[in-house]
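Worksheet: the structure to be examined is printed underneath.
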Amino acid sequence: MRSDRRKILGGIGAGALASTFPAPWVRDLRAQEASEIPVAIASPMTGVFAFAGIEGTDGANHFAQYFNERGGIAGRKLRLIVEDTGYQVPQAVAVFNRLVAEYKVPLFLGDSTGFQKTINEEVNRRGLLLAGASFASEIDDPKKYPLQYMPGPSYSAQVGMLLKHIAATKKGARIAFVHSDTEFGRDPIAKSEAYAKTLGLEQVEKIVTPPGSFDVSSEVLKLRRARPEFTIFHGYVMAPVPEFMKQMKEARVETQFMGTFYSSDLGILQKMGDVADGYLGVNAYNYVNQEGVSGPAMDFIKKANGGKYRTNSYLQPWTNLTLGTEAMRRCLESGKEMTGANLKAALNTIKDYDMGGVIGVPISIPGNSLGVGRIFRANLKAGKMDPVSDWIRAEA
Amino acid sequence: MIEEADARVDAPILQVEAISLAFGGLNALRNVSLDVVPGCITALVGPNGAGKTSLFNAISGFYRPQSGRVFFEGRDITRLSAPPRAKIGLARTFQNIALFRGLTVLDNIKLGRHAHLRTSLVEALFYYGRPQREEIELRAEIEQRIIDFLEIDHIRHAPVGALPYGLQKRVELARALAMKPRLLMLDEPVAGMNREETEDMARFILDVRDEWGVTILIVEHDMRLVMDISDHVIVLNFGEVIARGVPAEVQKNEEVAKAYLGSGEIGSQVRQSVTEMAAS
Amino acid sequence: MSPALLDFVEFSLAGLCVGALYALTGIGFVVVYKATRIINFAIGEFMMIGAYFFFGLAAQASLPNWAAIILALIAAGTVGGFLERFIFRRLIGESAISVFMVTIGLASIMVGLVEIAWTADPRSLPTFLPDRPFFVPLGSAEAFLASKNGWSFIIVAAIMAAFITVFRFWRGGIALRATAADQQAAYSVGINVPGVFSFAWILGAITAAAAGILVGSISGISSAMGAIGLSLIVVVIVGGLDSLAGALVGGLMIGWLESMASLYIGGEYKQVATFVILLLVLVVKPYGLFGTHDIERL
Amino acid sequence: MRIGSAKQTYAADEAIFKTDVQRLWFGLLALALILFPFVSSDYWQLLACLIAVNVIAATGVMILTGFTGLVSLGHAAFMGVGAYTAAYLSNHLALPFWLSIPAGGFAAAAVGAVFGIPSLRVKGLYLALTTIAASFILQSIFFNWTAVTGGARGLTIEPASMFGHLLVTPGAIYWIAMPIAALSVWWARNLLRTRVGRAFIAIRDRDVSAELLGIDLLRYKLMSFALASFYAGMAGAVWVYLFRVITPESFRLIESIFFVAAIIVGGLGSVRGAIFGAVFMTLVPELLKIGASDLAPYWPDAVKLLSPVRTIVFGALIVGFLMFEPLGLNEIWLRIRQRFALWPFRT
C-alpha cells in the first residue's frame, strides 16, 4: 500500500521533472527566428494581483494579434512570452533573467513597482526598454530610470488631476485622503498634500489603512467627524473602498468619492454595488464600452472581445505595447539597432500620436510618462463611465 | 571493601537533609533525610508511588524541593540547577529509558561527557584543533573504557531506537559512566529484563563500584537483586523513610512488610516472570 | 456627554464589534486545536471557501440568501469532515509540526482550487444584512454604529450562545471537552474519539466559514483573503490556543485595542499596537491569557 | 560501487567522508559547482544563486528545527534583519560585502537570540506561534522604521565590488553565494561531530533528560536560535546583493513557511535534507512555470490557466511528502544509494 503510493508519488514527481527539465536546454538551441520580435511579459497570474495579471495578459495577446494582422514592423511579427510572477519580486527577477537571456528581448513588461525598481540597474546594464503596471511617481524620473516608461500619468499626477477638478468645482473645498499603508498607497501622498495646499484646498483628514485589514469602522467614525466634501481613495483595488462608501452613506456623510486608476475601473465599481454610483475616477484610457469612442485599435478591441467589457488592466499592456512597438518602428526606420537607449530616444520622439481610440487625445511622451488622463463619473444604472472633464495634461 | 566504607562513614558523599516536595497539595516527599556512604551501593526501595523517583529527581536537580537541603561531597547543592550537578559528578539513568533516539549508541555515550568537554560553538563549526583533538580523545576513551567494559562494541554505530530493551538499558549505563560520575544513580536498572540480562547488569553494577570506585544509589523493585548487591537499603513509603539499614535488617522489618502488603505490590518473583514475558 | 467621551464610546463599540469577528475566527481555530491538538493554519482558507460557497450559491446559482448561507456552511463543514477523515486521521501520531505543515499545504491547494473555480478576481458578496445603522443612545448624544458591525456582533453573539449550549449540555460537546482534557481517558470511557475529531473539524470549518461570510460581506472576497486568517492567529496566541474563552476575550480585546490605536495614534499604528500587546503577553504569559500548559514529567 | 572499509584510526572513523569513493564523488560535485557558471545562462546562474541563498537559510532552519527541535516560522524575518543590516552598513559605512555579509549574520543572530527567549518557556507548536509573532513584529519594524529601512519603499544597495569590479550579474554573485553555502553546509556537518551538535539533538529528542546530562538548556536553545539566525542573516545579506533592492514584502511569513517546508520535504534531521529541500523547492515551481510557458505556443492560455495549478502542486507536494514520504528526499536518496551500494556486483 505504502510502497504503491510511493511509486505513484515518485512517478508524478519524475513525470513533472521529465516534462519540464530538458525544455530550457532544448530551447537554448532553438534558433530565434529573425522574422520575430520577442517581447517578454512578467505578469502576476497568481497571488493578490492575479485578476490584473490575467486581464493584462489578454490585453497583451490581443494587441499582438492586432499588431501582427496589420503587418508588424516591416514584416517582423511581435511574439509575446508571458510568465507568472505571483506578484513577487524574486520570482519576477527570475523571469526577467531567464527570458531576457533566452530571447534577447528589446522590451520587457514588468508587474510591480517593486520589481521595476529592483531591476532598474540590470535594465540599464543590459540595455533594454522596460515598462510595466506601475504608475509610481518615483519611476516618472528619466534621470533615475532612463530606460523605463509608464503607460499613463503617475499616481501623483492622477491625484493632481482629481485635486484640480475639485478646485475647479468648489473653491477651498474640504478634502480627505484615504490610502493604504503600502508602497503603492503611500506613493503620491506627500506630493498630493502639498499640491492640495497650493490649490487652496483644506485637507481635513488623512486615513491610512494597514494592508490586509478588512475593518474600516473606526476610520469611518473619523471621517464622520471630519465631514470632508471630497474623499480621495488611493492604493486600493476594491476592498475596502466599497465598505467605506457604504458606511459613510449610513453615517450620512455627504461626500464625493474619488479614486485613482486601479479603483476607477468600471468592472470593479460595478462589483462594489450601488454605493459606487456617482464615484469619480481618473483613468488614463477610454473605457471599452464608452459611446462614441472609436479608432482602429478600439474597434479591434471591441470586436475581439465580442462586446465583453474589459478592464483598465487590459488596456495597460495594450498601451505599453503600442508605445513600445512604435518606438521599435521608429528606431528600425532610422536604421538604428534596438538597444534600450535607442528605443527610449525613439520613444521620446513620439509626439501627438494617435492611440487609435484607446486614449481620446493625441499623446506625447517627452519623459517617462504619458501625462494625460480624464475624469469619469460612474453611471452604474447605464453601466457606463461618463466623462466629466476633458482630457487633462498632467503638470509635473 | 567494608572496612574502607567504614573508614569514610563520617563523610557521606551525598547528604539529603529533611527535604519535602509537594505537587499541588500532594506530598511526594516528606522530610526525607538520607546519607550515601562513598564506595557503597545504597538501594532505595519502596512500593509504587513511594516517592523514589521524585527523590532521584530532587537529587539530580530536576525538581526543587520546597524545604530541606542537599549536600554533595560536603558542598551545599540545594540551589544548583541540574546541569552543574551533572558536571560535579552526579550521574543517573532513567526509569523509562531516556536515550536520544535520533543518535547512535556512540553519540549517546559521548553525550554523557558533554559537561566535561570544552569545545565552544565557534570552535565546533570549524572542527579544527581542540575540538577535533577532544573528540578523538573522547572516542578513544569511550571505546577502551566503556564500550569494551559493557560489551557493546558490536552496536556502537547502531541507532539507539532499534536496539532491544536490555541493550538500551546498558547503553544508558554507558552514557552515565561517560559522565565521569562520582555518584551513579540508577533508576530501576533491571526493570523489564530477563534473568540473564539482570545477572549481566548486576555484574556491571558491582564492577562499576569495584573497578571504577563509583558510589551507587539504586532504585529497584527486584528485591533479590537489591538484597544481593546492596550494602545499605533505605525504604520509602508515602514519601517518608520508614526503615534503613543493611539488607538483612530491612528484610526483617515489619513495617516494611506491611507497606508492601498494604500497597498490594506483588512479590518480586511474580513480577519477574511477568516482566520476562513482556520483554520477550 | 463630552465629545472626548463620545469618541471613546463610539470607537470602543466599533472595535468590540470587529473584535467579535476576530473571536469567531479564533473559535474556529480553538475548537480544532482543543480536540485534536492540530494547529489549523488553513483557517483563513476555510473562511475563504465558506465565503466562495456562499458567493457561488447566492450570486451565481441565485438561491435565496438564507438558503445559500445554510448550504455554504454545510458544504464547508463537509470539507472539514472530509479532510479530517482522509488526511488528518491518517496523520495521528505524526509530529505536531508535520501535521501543521500539512494544513499549510492544504491552504495552498484550496487557494489554487478556488482560483480555478472562480478565478482570482476580487468579488463582492450579495448583501444579506440590513443597511440601517444603529444609534446607541448615550445621554444627550447618540453613538453611531455601522450596521454591519452591529449585525456581526449580534450574529457572533448568537453563535457563541449556541456554542456554549452545545458544550455545556449536549453529549457531543461534553465528549469533545472530555477528549480535549484527556484523550486516553476519553477512549477508556467509551467516547468515540475519532468521531469527536471529525466533529471538531466540522464545527471548526463551519465556524470559520461563518466568519468568512461575515468578513467577506465587509471586505469582499478574493482568493487571497486567507491572509486575514493568518493575521488573526495573533488572537489565539493572546487568548491561549486551547481556550474558547481565550479566543473570545482575545478577539474582543484586540479589536478594541486596534480601534483605540486608530483613535488616539492613527490607523497605521493599529498593527503595531497589536504586536506590542502580543509581545507583552508572550513575555508574561507565554501560553496565552487563558491557555493551559501541561506540567513536565520525566 | 562502494565497498565497506575498515578504519585504522578513530580520526578516520570520525571523518565526514569515510571512503575514497565518497571523496571522489565529492570532488566531482565541487568541480561541477566550480564549472557551472562557465557553462550556464544568466537565468540558471540566478537560480543557482537563489538555491545557494535558500541552502544557507534552510541549513540554519535545519539546525534549529531539524536538530534542536525548535520550530521557527520567523526565519524569513531574521533573513530580513540580515539583509537590512548589510544594506545599511554598505550604504552608510561603505562596508565591503565580505564584512557586511557576516555583519548581517551577527545582527540577525542577536535578534534571533532575543526572539528565541520564549523557547525556554514554551515548546513545539506554541513556540512556532511565538516565532510567527516575531515575524509579524519584525515585519512591522521593517515597515515603520523608515530612517533605517526606508519604510514601504525599501532600500537600494550599491552592488558588491571586488578588486574594483562591480558584482552585478548573478554569475558574479554566484562566487559569493555558493562558497558561503558550501561553508554553511560544512559548518553544520562539523557541528554535528561535536558536543554542541550532540547537545542540540539531545534537546530535540528529550530536553529534560538532556538537562540532567549537564546540558544547559537556556544556553543551548539560545545558541541554536542565534546560529540559525546567523545563517538566515547571511542568507539575507547575500540575497540583498543579488537583488540590490529590499522591501518589507521580501521577507514575509510565507517565506518562513517555505523554509520549514523545504526541510521537511528534504528530510528532517540531516544536513543533506536541507540541501535537497532547498534545491527541490526552489526548482520545482520554476520548472512547472517553464513547463507551462513551453505549452504556450500550442495552447495560448496555458500560462493563465496553469498558474493556479502550480499553487496546487506546491501544496500537494507538502501534503504528499508528509503523508507518504515523511522522511523526505533524503530517505529516497538513501534508498537509492542502498540499492546501488554494491553495484555493479549486485543490484
Side-chain angles (χ1 to χ4, degrees), chain A residues 2 5-6 8-10 12-13 16-17 19-21 23-24 26-28 43-47 50 53-54 57-58 61 80-84 86 88-91 93-102 113-115 117-122 125-126 138 181-187 210-211, chain D residues 41-47 50 140 143-144 151-154 156 159 166 168-170 239 242-250 252 254-255 280 283-294 296-297 300-308 310-311 313 316-317 320-321 323-325 332 335:
Chain A
R2 203 165 177 90
R5 289 219 194 88
R6 264 187 194 143
I8 293 167
L9 193 73
I12 294 172
L17 287 185
S19 71
T20 53
F21 213 96
V26 173
R27 233 175 9 198
D28 278 343
S43 178
M45 317 282 258
T46 51
I54 290 168
T57 308
D58 283 351
N61 280 329
L80 301 180
I81 306 105
V82 185
E83 272 196 29
D84 177 33
Q88 283 177 26
V89 172
Q91 284 204 33
V93 172
V95 169
F96 176 89
N97 271 286
R98 180 149 53 84
L99 297 186
V100 164
E102 225 173 278
T113 309
F115 167 71
K117 276 164 64 179
T118 303
I119 208 71
N120 189 44
E121 294 286 316
E122 194 64 14
R125 197 180 62 81
R126 289 183 184 261
E138 193 183 336
D181 199 8
T182 58
E183 184 176 15
F184 168 31
R186 285 183 183 185
D187 180 78
Chain D
S41 68
D42 267 13
Y43 167 67
W44 287 99
Q45 287 164 10
L46 176 85
L47 275 190
L50 273 177
S140 111
F143 213 86
N144 290 301
R153 273 167 191 273
T156 312
L166 290 186
V168 283
T169 59
W239 189 97
L242 182 62
F243 290 108
R244 295 200 299 282
V245 169
I246 344 169
T247 64
E249 268 117 34
S250 315
R252 293 166 310 167
I254 186 81
E255 315 296 326
F280 188 78
L283 282 183
V284 164
E286 279 302 311
L287 294 179
L288 288 171
K289 200 187 282 177
I290 294 174
S293 74
D294 268 14
D301 283 343
V303 176
K304 185 166 95 184
L305 296 176
L306 289 182
S307 291
R310 243 180 41 238
T311 316
V313 169
L317 275 175
F321 264 101
M323 290 193 73
F324 306 125
E325 206 54 85
I332 298 177
R335 270 207 305 272

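Throughout, protein chains are lettered first and strands after them, A, B, ... in sequence-line order, and every chain is numbered starting at 1. The structure presented is a predicted model; accordingly, all values stated were derived computationally and were not measured.
Interatomic distance, Asp42(D) CG to Phe96(A) CZ, rounded to the nearest 0.5 Å: 9.5 Å. Atom CZ of Arg310(D) and atom CG of Asp84(A) lie 4.0 Å apart (nearest 0.5 Å). Atom CZ of residue Phe243(D) and atom CD of residue Glu122(A) lie 10.5 Å apart, to the nearest 0.5 angstrom.
Interface residue Val95(A): only side-chain heavy atoms are found under 4.5 Å from chain D. For a residue to count as touching a neighbouring chain, one of its non-hydrogen atoms must lie under 4.5 Å from one of that chain's; by this rule Gln88(A) touches chain D with the side chain only. Proximity to chain A is limited to the side chain of Thr311(D), based on heavy atoms less than 4.5 angstrom apart. For Thr156(D), no part sits under 4.5 Å from any heavy atom of chain A, backbone or side chain. Using a 4.5 Å cut-off between heavy atoms, Thr57(A) does not touch chain D at all. For chain A, no part of Pro159(D) is nearby; none of its heavy atoms comes within less than 4.5 Å. Within the 4.5 angstrom heavy-atom criterion, no atom of Asn120(A) approaches chain D.
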Query raised in the report: Would Glu121(A) and Val168(D) count as a side-chain contact (heavy atoms from CB on, under 4.5 Å) if you check the C-alpha gap in whole Å, the side-chain angles of each, and the deciding distance to 0.1 Å?
Result: CA-CA 9 Å; Glu121(A) 294 286 316; Val168(D) 283; 6.0 Å; no
Requested in this report: Evaluate side-chain contact (heavy atoms from CB on, under 4.5 Å) for Val93(A) paired with Leu46(D), printing each intermediate quantity in order.
Outcome: CA-CA 9 Å; Val93(A) 172; Leu46(D) 176 85; 4.3 Å; yes
Query raised in the report: Hey, mind stepping through Asn97(A) and Gln45(D) against side-chain contact (heavy atoms from CB on, under 4.5 Å) and telling me if it holds?
Result: CA-CA 9 Å; Asn97(A) 271 286; Gln45(D) 287 164 10; over 6 Å; no
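For the pair Glu286(D) and Ala94(A), the tightest heavy-atom approach, listed with the atom from each and the gap, is OE2-CB, 4.1 Å. In plain terms, the two heavy atoms of Ser307(D) and Met45(A) that are nearest each other are OG-CB, 3.4 Å.
Under a 3.5 Å cut-off, the side chain of Lys289(D) and the backbone N or O of Glu83(A) do not form any donor-acceptor pair.
When the candidates Ile332(D), Thr169(D), Leu50(D) are compared by the number of heavy-atom contacts under 4.5 Å with chain A, Thr169(D) comes out ahead. Most heavy-atom pairs under 4.5 Å with chain D: of the set Val89(A), Val82(A), Leu80(A), this distinction falls to Val82(A). Between chain D and the residues Asn61(A), Asp181(A), Ile81(A), the largest count of heavy-atom pairs under 4.5 Å involves Asp181(A).
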